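Please read the structure below before turning to the comments.
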Amino acid sequence: MTRRSMLATTGATLAGGALLLRGATAHAQSDVPGARRPREGSAAATGRRHARQDWLPPGMPNRDYRPVVVPNGSKLPWKVVDGVKVFHLVAEEVEHEFAPGLKAFCWGYNGKVHGPTIEVVEGDRVRFYVTNRLPAATTVHWHGILLPNGMDGVGGLNQKSIAPGETFRYEYTVRQSGMGMYHSHHDEMTQMALGMAGLFVIHPRRPVGPRIDRDFAILLHEWRIDAGTRRPNPNEMTDFNVLTMNAKAFPGTEPLVVRKGERVRIRLGNLSATDHHPIHLHGYQFRITETDGGRIAEAAQWPETTVLVPVGSTRTIEFVADEPGDWAMHCHMTHHLMNQMGHEFPNMIGVKPGGLDAKVRTLLPGYMTMGQTGMAEMADMGMAVPANSIPMLGARGKHDSITMGGMFTVLKVRERLESYEDPGWYDNPPGTLAEAAGTDELRRDGIDVNAPSTADPGSPGGGRRG
């Protein structure tokens, strides 16, 4: 097909060297949907029975957009057929490794958990063939995507469910930009709990905002995998014990590697069953630039160091990587930084076991009382765990054990990089590393470590001078 015939077929024209849709149908929404007027290209705006579905020539990577990076993840391949991007999703059982030592049989797409990230451009026509290799019926819901009602993917409501062995076709024009998601919408409590979800990234046809150098996409999720078992429990309602970023729990998460001075975008989606996730980035302030409803006007963007990602929502943050180092990024719900944590053991904080351990070892060799000073000691003990299980927390860092697990990763900013592979641990310049204080500096600053501790009153005028 020639370029001229493609334009005629799609209803697009050239104006001033830029591609425009007839009827202006594929522009990103400029305001809150429904707030003042109908969405561009919607049925109400066009006077038609349904939204217009004209489309543009397919947007191409490294020409029309900078591809996203999916740490620990994958992308769904596509081909162009008569101006349409064609994808093939295969729903199937997948054996997935959440972290070294913990594998489980899940349900995913194309051999991956979570499913491969879909990456398209505003104005693309997309066609998805979905093949079901599961033992149960399924569907695919395109979460947050504007499309015809019969393509929305809710089993029984919008379509017949896809029976085992069947292949269904979904097709529509992408009429927005930003980040959505996709997931099963048939017996979703079971199927999403087993991993049937993925990210759906839509680049604008015309770039918006400052140029981005590194664009990351991360899907947040939670699971119940009891120690020693090999399948997530979809019946769990509250006590999730494996918290993941792109289906990996720390120490299985890959770092986000960037070069100093680069502008960074991090897209976060949350398809957890019940929990919102406040994702906190150390060392940086950022702006929240997008929600699942699209780009936030620059005047309405606000600075944060923590972004709350509600269940079923996406949030996008942007910042300039101006300070090198290894910076933690994690959910700030503290129990979400633990792996396979149980809730049946007693509170041991402050317990003084005395000679108990020696007495019990006569019956149980190797017995050790744990938890009386917290959980951190478990990171160094190397205790045996049940088969196909992982310790609750801990991985070796450069300086000591990192007493984290679950929804935790590291942003690694470096002045010089030969590639975006993991550069290893950061070498702190002299004078910039917290370390044990010496006797001479304590004496110099008048610090007596044996003196009673003090605190000034919190009311005005209660401070000390000098």
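This is a predicted model, so every value here is computed, not measured.
- Glu323 has its side chain out of reach of Val413: every pair of non-hydrogen atoms, C-beta onward, lies at least 4.5 Å apart.
- Atom CE of residue Met407 and atom CD1 of residue Ile279 lie 5.5 Å apart, to the nearest 0.5 angstrom.
- The OG1 atom of Thr138 sits 13.0 Å away from the NE2 atom of His141 when rounded to the nearest 0.5 Å.
- Atom CZ of Phe216 sits about 11.0 Å away from atom CD1 of Ile317, to the nearest 0.5 Å.
- Contact between Phe240 and Ala273 at its shortest, heavy atoms only, is CZ-CB, 3.6 Å.
- By the 30° and 60° cut-offs, the orientation of the rings of Phe319 relative to Phe286 is tilted.
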For Glu93 and Arg230, what are the C-alpha separation, side-chain angles and deciding distance, and is it a salt bridge (Lys or Arg N to Asp or Glu O under 4.0 Å)?
-> CA-CA 13 Å; Glu93 185 174 72; Arg230 296 186 62 84; over 6 Å; no
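- Lys75 places no side-chain N or O within donor-acceptor distance of the main-chain N or O of Val70, the cut-off being under 3.5 Å.
- In summary, the side chains of Thr190 and Asp187 do present a donor paired with an acceptor at a separation below 3.5 Å, with no hydrogens or angles considered.
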Step by step, work out the side-chain contact (heavy atoms from CB on, under 4.5 Å) result for Thr238 and Glu236.
-> CA-CA 6 Å; Thr238 57; Glu236 182 56 62; 3.7 Å; yes
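- The side-chain heavy atoms of Asn235 and Met189, taken from C-beta on, include a pair separated by under 4.5 Å.
- Put simply, the side chain of Phe250 does not reach to within 4.5 Å of the side chain of Leu337, judged on heavy atoms.
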Might you work through the side-chain contact (heavy atoms from CB on, under 4.5 Å) test for Asp322 and Tyr284, ending with a clear yes or no?
-> CA-CA 9 Å; Asp322 56 5; Tyr284 284 91; 3.2 Å; yes
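- Checking Trp78, Tyr109, Phe87, Tyr182 one by one against Phe128, the ring pair (Phe, Tyr, Trp, His ring centres under 6.0 Å) holds for a single residue, Phe87.
- Between the side chain of Thr314 and the main chain of Asp292, a donor-acceptor pair closer than 3.5 Å is present.
- Atom CD of Glu304 is separated from atom CD of Gln285 by 9.5 Å, given to the nearest 0.5 angstrom.
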Begin with the C-alpha distance, continue with both residues' side-chain angles, and end with the deciding distance and a verdict on salt bridge (Lys or Arg N to Asp or Glu O under 4.0 Å) for Glu171 and Arg127.
-> CA-CA 4 Å; Glu171 184 168 344; Arg127 183 179 300 142; 2.7 Å; yes
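- For the pair Leu256 and Ile218, the minimum side-chain heavy-atom distance is below 4.5 Å.
- Judged purely by atom type and a 3.5 angstrom limit, Asp326 uses its side chain to pair as donor or acceptor with the backbone of Tyr426.
- Side-chain atoms of Asp124 do not come within 3.5 Å of backbone N or O of Val174 as any donor-acceptor pair.
- Panel note: side chain Glu318, backbone Arg287; no donor-acceptor pair is recorded below 3.5 Å.
- In this structure the side chain of Ile145 reaches within 4.5 angstrom of the side chain of Gln176, judged on heavy atoms.
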Dump the intermediate steps for salt bridge (Lys or Arg N to Asp or Glu O under 4.0 Å) on Arg265 and Asp213, then the final yes or no.
-> CA-CA 8 Å; Arg265 174 185 291 140; Asp213 300 298; over 6 Å; no
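- Side chain of Lys412 to main chain of Gly424: a donor-acceptor pair is present (N/O by atom type, distance under 3.5 Å, no hydrogens or angles).
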Verdict with supporting geometry, Gln301 and Arg295, side-chain contact (heavy atoms from CB on, under 4.5 Å) | CA-CA 9 Å; Gln301 296 172 9; Arg295 185 85 179 176; 3.9 Å; yes
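- Looking only at distances, a side-chain donor or acceptor of Ser184 sits under 3.5 Å from a matching main-chain atom of His186.
- When every heavy atom of Tyr65 is checked against every heavy atom of Pro67, the shortest pair comes out as O-CD, 3.5 Å.
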Report the C-alpha separation of Asp54 and Arg125 in whole Å, then their side-chain angles, then the decisive distance to 0.1 Å, and conclude whether the salt bridge (Lys or Arg N to Asp or Glu O under 4.0 Å) test is met.
-> CA-CA 8 Å; Asp54 299 339; Arg125 183 73 170 179; over 6 Å; no
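- Applying the ring pair (Phe, Tyr, Trp, His ring centres under 6.0 Å) test between His330 and each of His336, His282, His277, His335 identifies His282 as the sole match.
- When all heavy atoms of Thr409 and Pro255 are compared, the pair lying nearest together is OG1-CA, 4.0 Å.
- Looking at every heavy atom in both residues, Trp223 comes nearest to Cys106 through CZ3-SG, 4.3 Å.
- Judged purely by atom type and a 3.5 angstrom limit, Gln53 uses its side chain to pair as donor or acceptor with the backbone of Thr173.
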May I have the step-by-step check of side-chain contact (heavy atoms from CB on, under 4.5 Å) for His114 and Asn246, ending in yes or no?
-> CA-CA 7 Å; His114 296 290; Asn246 285 344; 5.6 Å; no
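- Environment of CZ in Arg416: sparse, with no more than 12 heavy atoms of neighbouring residues, nucleotides or ligands closer than 6.0 Å.
- For the atom pair NE2 (His221) and NZ (Lys248), the distance works out to 14.5 Å, reported to the nearest 0.5 Å.
- Considering only heavy atoms from C-beta on, Lys260 comes within 4.5 Å of Glu415 through its side chain.
- Ring orientation note: the planes of His185 and His183 are tilted relative to one another, at an angle of 30° to 60°.
- With hydrogens and angles disregarded, no donor-acceptor distance shorter than 3.5 Å links the side chain of Thr253 to the backbone of Ala249.
- The side-chain hydrogen bond (donor to acceptor under 3.5 Å, both in side chains) test with Arg267 singles out one residue from Thr289, Thr117, Asp215, Thr316, and that residue is Asp215.
- With a 6.0 Å radius and a threshold of 12 heavy atoms from other residues, nucleotides or ligands, Lys398 has its NZ atom above the threshold.
- The two atoms that bring Glu290 and Met179 nearest to each other are OE1-N, 4.2 Å, heavy atoms only.
- With a 4.5 Å cut-off on side-chain heavy atoms, Trp107 and Gln191 count as touching.
- Side chains of Asn270 and Ser313 form no contact here, defined as non-hydrogen atoms less than 4.5 Å apart.
- The CZ atom of Arg133 sits 8.5 Å away from atom CG of Asn110, with the distance rounded to the nearest 0.5 Å.
- Within a 6.0 Å sphere centred on CD of Glu97, other residues, nucleotides and ligands contribute more than 12 heavy atoms.
- With 3.5 Å as the limit, one finds a donor-acceptor pair spanning the side chains of Tyr170 and Gln159.
- Of all heavy-atom pairs between Pro423 and Arg414, the closest is CG-NE, 3.8 Å.
- Put simply, the side chain of Arg259 gets close to the backbone of Leu417: a donor and an acceptor are under 3.5 Å apart.
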